[in-house]
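Below is one structure; the comments refer to it alone.
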Protein chains: 2
Amino acid sequence: MFFPSAGVPESELGLRERKRLATERTIERAALDLAQEHGYEGVTVEMICESAMVSPRTFFNYFGSKEGVFLGNTPPRPTPEMIDWFVNERPSTTLLDLVELFRWMMSTRNRTDPETMRERRALIHSTPDLAVREFARMAEAETELTALLQRRRDAAGIEGSDVFPDEPRVVVLLAFAIMHPAMHRWLENPDDASQETLIADSLSMIRRIIDEPTHS
Amino acid sequence: MFFPSAGVPESELGLRERKRLATERTIERAALDLAQEHGYEGVTVEMICESAMVSPRTFFNYFGSKEGVFLGNTPPRPTPEMIDWFVNERPSTTLLDLVELFRWMMSTRNRTDPETMRERRALIHSTPDLAVREFARMAEAETELTALLQRRRDAAGIEGSDVFPDEPRVVVLLAFAIMHPAMHRWLENPDDASQETLIADSLSMIRRIIDEPTHS
DNA sequence: GTTAATTATGCAGAGACTGCACGCTTTGCG
DNA sequence: CGCAAAGCGTGCAGTCTCTGCATAATTAAC
């Protein structure tokens, strides 16, 4: 299974697009630098704009909110073809497919360079306010995937749908639980092991936890 | 296992406390009514205050933020005794204890009457902005519980701590996945079955999903 | 009844964010 | 090249959430 990772090379972009990318990155850098110095709360949009030499209005045109510049632009939504593939072409064995889809949505985030990404993650995780927002984004993705699973289930005409009406959501939560340690370790040590291995480890760990003896 | 469910009966409260509760409820009602009419975005704090006949400053003294009045006050944190009990007195079998603790934190929310609670839930779920915040609260609870588990593990001196450094978080995610369908069904139909049964059902469903054949 | 703690309120102001209008740059096309 | 259309950057005015501070009123405690 292969999902494409991104679009047009930057070199063959129009002048307009290139300028846009440049100011976007300038603003991001200014924001990140200032936040590392003063903390998230200690930075105002005005400060960022002064440092990046753009007007506040322009800032909001680019990022929509103060948090936006720190969280990065929203991860790509699954394409219609992928949705179709996922809903119609697969057997009803859901969990690992979902993990796969999830992984794609998380990894193809954006075209920011790795160093900036790392700084950003550090900032987010050390700022409760931002961490909460990051989580909210995860929740959005979660909701979206839940809807997708529901559609697949409807398409396949699974029998017990009325007995376990919220099975899709649980599957998503589980997929998330599986992804979490794998992604975590992978971010810390990209060459440590293949993602497949990490996921397999994670899965066996979860099996062990679930099968733990249940002391009355 | 038994956790106390609430505090002092309202009748034997000082005048000051009773007044405070009264205005709190007045503001809540005003907010809820206005939001049902105009939607969350369509309501300003000023409108709520006018309707409840308090000053905006008082509103923020009570709820701290506009969302606060719609989400309800934060669920009670676990008491120090409970934390101690959880960290030190229990064997290392974690999952079901955690579910129990989780259930307590969710159920003892507040002393608002059920009808208001229902309206509030409806509003939250039909307002993306509020739904996100609700999720954020869950995330906070999750973080807190993760830290608790970590402490328990340190106290017990579990061996494989460095092999599975983020097992605590995964356990919390799993507990959450277990709680989710149970809580959902329980909110819809409180007398349908005991919470224990619901949780057992949920657990078996999760086992089934995890043990699903993994096609290639 | 006097003193101390709580509470309600007004006020001033910071800071995030939006709609609108205007001028400049890039683009596409003949 | 020249010209029109589209897109972009900007200033401005204004709304709204939220905070610190000072002050007056209320309740509690002795």
Side-chain angles (χ1 to χ4, degrees), chain A residues 8 10-31 34-35 37-71 73-74 127-130 132-133 136, chain B residues 8 10-32 34-35 37-74 127-130 132-133 136:
Chain A
V8 187
E10 189 170 335
S11 47
E12 35 183 288
L13 243 43
L15 171 60
R16 189 174 269 168
E17 299 279 333
R18 259 178 295 143
K19 269 190 172 177
R20 174 166 256 277
L21 270 185
T23 49
E24 185 174 313
R25 281 199 262 248
T26 304
I27 297 177
E28 275 181 359
R29 267 256 62 83
L34 285 171
E37 188 175 359
H38 303 109
Y40 173 71
E41 299 276 333
V43 171
T44 70
V45 172
E46 205 172 351
M47 288 164 69
I48 298 171
C49 293
E50 194 174 343
S51 171
M53 294 192 299
V54 293
S55 79
R57 197 63 187 82
T58 300
F59 175 91
F60 285 106
N61 278 341
Y62 272 82
F63 294 100
S65 71
K66 179 182 171 186
E67 303 151 10
V69 73
F70 295 111
L71 294 182
N73 285 315
T74 61
T127 308
D129 209 342
L130 286 178
V132 157
R133 291 304 188 141
Chain B
V8 187
E10 188 169 337
S11 46
E12 36 183 287
L13 242 43
L15 171 60
R16 189 174 270 169
E17 299 279 333
R18 259 178 295 144
K19 266 190 173 177
R20 173 166 256 277
L21 270 185
T23 49
E24 184 174 313
R25 280 199 262 248
T26 304
I27 297 177
E28 276 181 359
R29 267 255 64 80
L32 225 48
L34 285 171
E37 187 175 359
H38 302 108
Y40 174 71
E41 299 275 334
V43 172
T44 70
V45 172
E46 205 173 352
M47 288 164 68
I48 298 172
C49 292
E50 194 174 344
S51 170
M53 294 190 302
V54 292
S55 80
R57 196 64 187 81
T58 299
F59 175 92
F60 285 106
N61 279 341
Y62 271 81
F63 294 100
S65 71
K66 179 183 171 185
E67 303 150 12
V69 72
F70 295 111
L71 294 182
N73 285 316
T74 61
T127 308
D129 209 342
L130 286 178
V132 159
R133 291 305 189 136

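No experiment lies behind these values; they were computed from the predicted model shown. Reminder, nothing fancy here: chain letters follow the sequence lines and each chain counts from 1.
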The contact string for nucleotides 15-22 of chain C, one letter per nucleotide 5' to 3', using protein heavy atoms under 4.0 Å with B, S and - for base, sugar-phosphate only and none, comes out as SSBBBB--
Does OP1 or OP2 of C/dA8 have a side-chain N or O of B/S55 closer than 4.0 Å?
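Checking B/S55 against C/dA8: no side-chain N or O falls below 4.0 Å of OP1 or OP2.
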Quick check on C/dT25: is either OP1 or OP2 less than 4.0 Å from any side-chain nitrogen or oxygen of A/K19?
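No, no such contact exists.
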Got a second to check how far [X]'s [atom1] is from [Y]'s [atom2], nearest 0.5 Å?
X	Y	atom1	atom2	answer
B/K66	B/L71	NZ	CG	12.0 Å
B/R16	B/R20	CZ	CZ	10.0 Å
A/I27	A/M53	CD1	CE	11.0 Å
B/F70	B/L130	CZ	CG	7.0 Å

Just how far, in rounded Å, is [atom2] of [N] from [atom1] of [X]?
X	N	atom1	atom2	value
B/E50	C/dG10	CD	C1'	16 Å
B/N61	D/dT17	CG	C1'	15 Å
A/H38	C/dA14	NE2	C1'	17 Å
B/Y40	D/dC16	OH	P	13 Å
B/Y62	C/dT6	OH	C1'	10 Å
A/L21	C/dT26	CG	C1'	16 Å

Do B/V45 and B/F60 make a side-chain contact, defined as non-hydrogen atoms from C-beta onward lying under 4.5 Å apart?
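In contact.
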Side chain to side chain, B/K19 and B/T23, heavy atoms closer than 4.5 Å
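No - every pair of side-chain heavy atoms lies 4.5 Å or more apart.
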If you check every side-chain atom of B/R20, which of D/dG11, C/dA8, D/dT27 has the closest atom?
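Nearest listed nucleotide: C/dA8.
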Under-3.5 Å N/O pairs linking protein and nucleotides 27-30 of chain C:
residue : atom : partner : partner atom : Å
C/dT27  : OP1  : A/L15   : N            : 2.8
C/dT27  : OP1  : A/R16   : N            : 3.1

Nearest heavy atoms of [X] and [Y], plus distance in Å:
X	Y	answer
A/I48	A/A31	CD1-CB, 3.9 Å
A/C49	A/P56	SG-CA, 3.4 Å
A/E41	A/D129	OE2-OD2, 3.5 Å

